[in-house]
Amino acid sequence: MAALLEESFGAKVEERVIAGEQFDVVIVDADQHVLVEIAASVGATIQERLERKRRLYTEATGVAPARVLLATADIYSYRAQSLREAGIEVIEPAEAD
C-alpha cells in the first residue's frame, strides 16, 4: 500500500510510534498530513483513541493532521456516524443489495 501511494501520488507513507501509540499509516505530502487507522472491527473506545492519536501527532510533530481516516470492515452505523460528526472519515464496506 505504501509503495502504491508513494508512486501514484508522490506522498511519503510511513508507520510511526509516538508515545507508545502505533500509527498504522501516516501520509505526508507537501500540503498535508493524513493519519489512517486500519482495523478489522472497532469498539466503543475508537473515537477516544483516534482523538488521542490526533493530539499526540500534533504535539510530536507540530503539525495538525488535515485528515484522520478509519478503514474498517465492521462498525455499527451509529458509531460511524458519531465519528463522522467528530471530523473523522470512515471507510467501510458497502452494504450488499
* Kindly determine whether V36 and D24 satisfy side-chain contact (heavy atoms from CB on, under 4.5 Å), including the steps that lead there. => CA-CA 6 Å; V36 182; D24 295 332; 5.9 Å; no
Nearest heavy-atom neighbours spanning [X] and [Y]:
X: A73; Y: P93; result: O-CG, 3.5 Å
X: A66; Y: Q32; result: CB-OE1, 3.2 Å
X: S82; Y: Q47; result: OG-OE1, 3.0 Å

* **Donor-acceptor under 3.5 Å (S41 side chain, D74 main chain)** =>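 No; judged by distance alone, with no hydrogens or angles, the pair does not exist.
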* Asked: When rounded to the nearest 0.5 angstrom, what distance separates CZ in R79 from CD in E92?
  ->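 Between atom CZ of R79 and atom CD of E92 there are 12.0 Å.
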* Asked: Is there a side-chain contact between T58 and V63 (heavy atoms, below 4.5 Å)?
  ->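 With C-beta onward as the side chain, the pair stays apart.
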* To do: Tell me, with the steps shown, if R67 and H33 meet side-chain contact (heavy atoms from CB on, under 4.5 Å).
  => CA-CA 7 Å; R67 298 169 65 192; H33 294 216; over 6 Å; no
* With a cut-off of 6.0 Å (strictly less than), are more than 12 heavy atoms of other residues, nucleotides or ligands near CD of E48? -> no
* To do: Give the intermediate values and the outcome of salt bridge (charged side-chain N to carboxylate O under 4.0 Å, His left out) for residues K53 and E51.
  => CA-CA 5 Å; K53 284 185 171 189; E51 289 174 353; over 6 Å; no
* **Steps toward salt bridge (charged side-chain N to carboxylate O under 4.0 Å, His left out) verdict (E21, R49)** => CA-CA 9 Å; E21 285 281 355; R49 189 167 85 225; 5.4 Å; no
* Asked: Do E89 and R84 sit within salt-bridge range, that is, some charged N less than 4.0 Å from a carboxylate O?
  -> no
* Using a side-chain heavy atom cutoff under 4.5 Å and only I, L, V, M, F, W and Y, what cluster partners does I88 have? ->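 Same cluster as I88: I18, F23, V26, V28, L35, V42, I46, L50, L56, Y57, V68, L70, I75, L83, V90.
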